[in-house]
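For the numbers below, each heavy atom of this structure counts, side chains included, while hydrogens, waters and symmetry mates do not. Note that the structure is predicted; figures quoted are calculated from it, not measured.
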Number of protein chains: 2
Amino acid sequence: MTPPPAPSGKADWKAIRRDLLGRIQSGVWKPGDQIPREVELAAHYDCTRSTVGRALRDLATAGFLDRKRKGGTTVSANPVRKAPLDVPIIAEAIRKAGHVAGYQLLDAGERLPDPALAPELGLPAGTPLLFIAAVHLADGIPHQVEHRWLLPATVQGLSRDILETTPADEWLLRNVPLTRAQITIEAVRPPAPVSDALHAAPDTPTLLITRTSWRQARLIGMLQLYHAQGHRLVTGI
Amino acid sequence: MTPPPAPSGKADWKAIRRDLLGRIQSGVWKPGDQIPREVELAAHYDCTRSTVGRALRDLATAGFLDRKRKGGTTVSANPVRKAPLDVPIIAEAIRKAGHVAGYQLLDAGERLPDPALAPELGLPAGTPLLFIAAVHLADGIPHQVEHRWLLPATVQGLSRDILETTPADEWLLRNVPLTRAQITIEAVRPPAPVSDALHAAPDTPTLLITRTSWRQARLIGMLQLYHAQGHRLVTGI
DNA sequence: CAGTGGTCTAGACCACTAG
DNA sequence: TAGTGGTCTAGACCACTGA
C-alpha cells in the first residue's frame with residue numbers, strides 16, 4: 001500500500017537493506033534493472049561503501065540481486081526463492097510441536113540390505129549393514145517410523161543397549177556428525193511393517209523422507225523416515 | 001581422516017571459515033564448547049577482528065556457532081541444519097531436469113471455493129475466487145497438476161486468454177510478486193480430477209505441495225501442486 | 001584498459017549481558 | 001560493571017570482466 005519509503009539520512013545496514021528490498025518488491029526497480037553503484041548508494045545513504053556493501057551482499061545471498069564485478073548490480077530476473085527446511089533431532093521436533101516425545105526400538109542388528117539398496121549407496125553387493133528400525137511417538141501415538149542402514153565401520157560403539165533408550169539420531173549427532181547429506185521427499189505406499197508400526201491401513205499415502213549422509217568423503221548411512229498420516233512438513237519464505 | 005589443519009599465518013575470511021569449520025567437524029571443538037574470542041583468533045590468524053568476525057558470523061548464520069555478547073561464541077549443541085528447498089518456476093524446473101516442458105490449461109473461472117478452504121485462507125465464507133486448473137507436462141507426460149485459488153482483486157488483468165498459453169506462476173512472478181509464502185508438503189490420495197489428469201490410479205500416493213502466498217499483508221492466493229507418481233523433491237546439506 | 005564489486009586494515013564506539 | 005560481539009568509518013589494494 002505504502003510506496004517505497006523515501007530514504008535519506010543516516011541508516012544502518014539493516015535499514016538500508018529494508019529500503020532497497022522495498023524498492024524491489026514495490027516495483028520501483030524491476031527484474032533485470034541495473035541499480036546504482038555502491039559509491040552512489042553510499043553517498044545517498046550518507047555512509048561508507050562497506051555499509052551499503054553489506055546490505056547489497058545480503059540481498060544478493062538471499063537471491064534478490066545479481067552482482068558482477070564491472071557489470072554492476074542488477075535485480076534478479078528469476079528470483080529462485082529458497083524455502084529452508086529444518087533437519088532436526090526427531091524427538092526435539094516433536095517436543096517443539098508441543099507433544100510428549102516417546103521412542104521405541106523395534107529392531108537392530110546386522111543385515112544384508114535389499115539388493116537394490118547397495119548400489120544406490122555405492123557399496124559392493126553383499127556388504128552387511130547395521131539395520132535399525134524404531135518408532136517415534138507423539139503423546140504416545142506413533143508419529144514417525146525410521147529405518148536406518150548404517151556402515152558398521154563408521155558407527156563403532158553404537159550398541160543395541162544404547163539404541164534401546166537413545167534414538168540413533170541423537171547418538172550420531174554427538175559421535176558421527178554428518179558433513180554432507182542428500183535428502184529426497186516423496187509419497188509412497190509404506191511397506192507392511194511400517195504401516196503396522198504406524199497403526200495405519202496398508203494403502204495409506206505416506207510421506208517418506210530419505211536421507212543419505214556422509215562424513216567428509218566417508219558414507220555414514222541412509223535413513224528412511226516414514227511419517228504418520230496427516231503429518232505435514234511446513235516451511236515458508 | 002586428516003586431523004584439523006594446523007592454521008597459521010595470513011589467511012582470508014574463507015580460509016579462516018574453512019579452518020574453524022574443520023575444527024568443529026573433526027571434533028577438536030565439540031558441541032557446547034566455548035571457542036576463543038575474536039581478538040584471540042585475530043591474533044592467531046594474523047588479521048583484524050573484522051576478518052575473523054566475518055568468518056564467525058558466516059558460521060553462526062549457517063547454524064554451526066552460537067554467539068552472544070559477553071557470553072562469547074560456542075559450538076552449537078544442536079545444529080539445526082537447514083536444507084534449502086527451491087521454489088522455482090514450474091516449467092523451468094522441468095527444463096532444468098532435461099525434459100521438454102509442456103503446459104495445458106484445464107479450467108479457469110470464478111468459483112466458490114470449498115467451504116473448508118475459505119476460513120483456512122482467512123476469508124469470509126462465500127467469497128468467490130479465481131480458480132485455475134492446469135497440468136504441466138515433461139516430454140509430453142503429465143508431471144504436475146496445479147489447482148490455484150486466487151483473489152480476483154489482486155490479480156486483475158489475468159485473463160483466461162493469457163492462461164491458455166502462459167502458466168499462472170510465470171504471469172504472477174512478473175505482475176504480482178509474492179513477498180511471503182507458507183508452504184506445506186504432505187502425502188495424499190489425490191481427488192479424482194487430479195488422478196485423471198496425471199493418468200494415475202485413484203489411490204496412487206501423491207506428493208502435494210500447498211503454497212499460500214501474500215504480497216506484503218495482502219493475500220494473493222493458494223496453490224495446490226500435485227506431483228506425478230515417483231516424482232521426488234531433492235535437496236541436500 | 002577502466003570500472004565495478006570483493007576484501008582487508010586499524011581504529012572506534014556502541015549494545016547487550018553474565019557475573 | 002566489565003567483557004564480549006555488532007557495527008561503522010575512511011581508506012586501500014586487488015580480482016574480475018565488459019568494452
Side-chain angles (χ1 to χ4, degrees), chain A residues 5 7-21 23-24 29-79, chain B residues 5 7-24 29-80:
Chain A
S8 253
K10 282 278 185 186
D12 60 14
W13 75 270
K14 285 186 180 179
I16 296 174
R17 195 201 119 112
R18 254 196 313 279
D19 185 57
L20 296 172
L21 184 55
R23 299 203 211 186
I24 296 168
W29 289 334
K30 300 197 181 306
D33 281 5
Q34 183 115 174
I35 79 170
R37 298 181 296 271
E38 286 195 350
V39 201
E40 297 178 41
L41 289 171
H44 182 264
Y45 290 109
D46 187 20
C47 65
T48 55
R49 195 162 76 84
S50 328
T51 304
V52 291
R54 173 110 187 241
L56 289 167
R57 188 198 317 147
D58 200 78
L59 289 169
T61 306
F64 293 104
L65 295 176
D66 296 324
R67 313 194 75 194
K68 258 187 292 189
R69 282 157 156 140
K70 169 84 178 185
T73 301
T74 55
V75 178
S76 296
N78 285 24
Chain B
S8 254
K10 282 276 187 188
D12 60 15
W13 75 270
K14 286 186 179 178
I16 296 174
R17 196 201 117 109
R18 255 195 313 279
D19 185 57
L20 296 172
L21 184 55
R23 300 205 209 184
I24 296 168
W29 291 333
K30 301 199 180 306
D33 281 3
Q34 183 116 173
I35 79 169
R37 298 182 294 272
E38 287 195 350
V39 201
E40 297 178 41
L41 289 171
H44 183 264
Y45 290 110
D46 187 24
C47 65
T48 55
R49 195 162 74 87
S50 329
T51 304
V52 291
R54 172 113 185 236
L56 290 167
R57 187 197 316 148
D58 200 78
L59 289 169
T61 306
F64 293 105
L65 295 176
D66 295 325
R67 313 195 75 194
K68 259 188 291 188
R69 283 159 157 144
K70 170 83 178 185
T73 302
T74 55
V75 178
S76 295
N78 287 23
V80 175

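Taking atom CG of Leu56(B) as the reference point, atom C1' of dG5(D) lies 10 Å away to the nearest angstrom. Distance CD (Glu38(B)) to P (dC8(C)): 14 Å, rounded to an integer number of Å. One interatomic measurement links the two molecules: CG of Leu41(A) to P of dT9(D), which rounds to 14 Å at whole-angstrom precision. When the C1' atom of dG5(D) is taken as reference, atom CD of Gln34(B) falls 12 Å away, rounded to whole Å. Remark: C1' of dC8(D) and OH of Tyr45(A) are 17 Å apart, rounded to the nearest angstrom. In this structure, CG of Asp46(B) is placed 19 Å from P of dT7(C), rounded to the nearest angstrom. What separates CD of Glu40(A) from C1' of dG3(C) is a distance of 12 Å, to the nearest Å. Distance CG (Asp66(B)) to P (dT4(D)): 17 Å, rounded to an integer number of Å.
Remark: dG19(C) base-pairs with no nucleotide; criterion is Watson-Crick or G-U wobble with both hydrogen-bond distances under 3.5 Å.
Closest contact between the side chain of Arg67(A) and the listed nucleotides dT7(D), dG5(C), dT7(C) involves dG5(C). Here the nucleotide nearest the side chain of Lys70(A), chosen from dA2(C), dC8(D), dG6(C), is dA2(C). Out of dC16(D), dA18(C), dG5(D), the shortest distance to the side chain of Arg69(A) is found at dC16(D). Across dG5(C), dC8(D), dG5(D), the shortest atom-to-atom separation from the side chain of Asp12(A) is found for dC8(D).
Taking 4.5 Å as the limit, some side-chain heavy atom of Trp13(A) sits within range of a side-chain heavy atom of Asp58(A). Between Ile35(A) and Thr74(A), the closest side-chain pair of non-hydrogen atoms is not below 4.5 Å. Between Leu41(B) and Ile16(B), every side-chain heavy-atom pair lies at or beyond the 4.5 Å cut-off. No side-chain heavy atom of Tyr45(B) sits less than 4.5 Å from a side-chain heavy atom of Thr51(B).
Put simply, Thr51(B) has a side-chain N or O that comes within less than 4.0 Å of OP1 or OP2 on dT9(C). The side chain of Thr73(A) places an N or O atom within less than 4.0 Å of a non-bridging phosphate oxygen (OP1 or OP2) of dG5(C). At the phosphate of dG5(C), neither OP1 nor OP2 sits under 4.0 Å from any side-chain N or O atom of Arg57(A). For dG5(D), neither phosphate oxygen OP1 nor OP2 lies less than 4.0 angstrom from any side-chain nitrogen or oxygen of Arg37(B). Side-chain nitrogen and oxygen atoms of Arg49(B) include none within less than 4.0 Å of the OP1 or OP2 phosphate oxygen of dA10(C).
Shortest non-hydrogen contact noted between Arg17(B) and Ala62(B) is NH1-CB, 4.5 Å.
Heavy-atom nearest nucleotides on DNA chain C were determined for Arg54(B) and for Ser50(B), and the one closer to the 5' end corresponds to Arg54(B).
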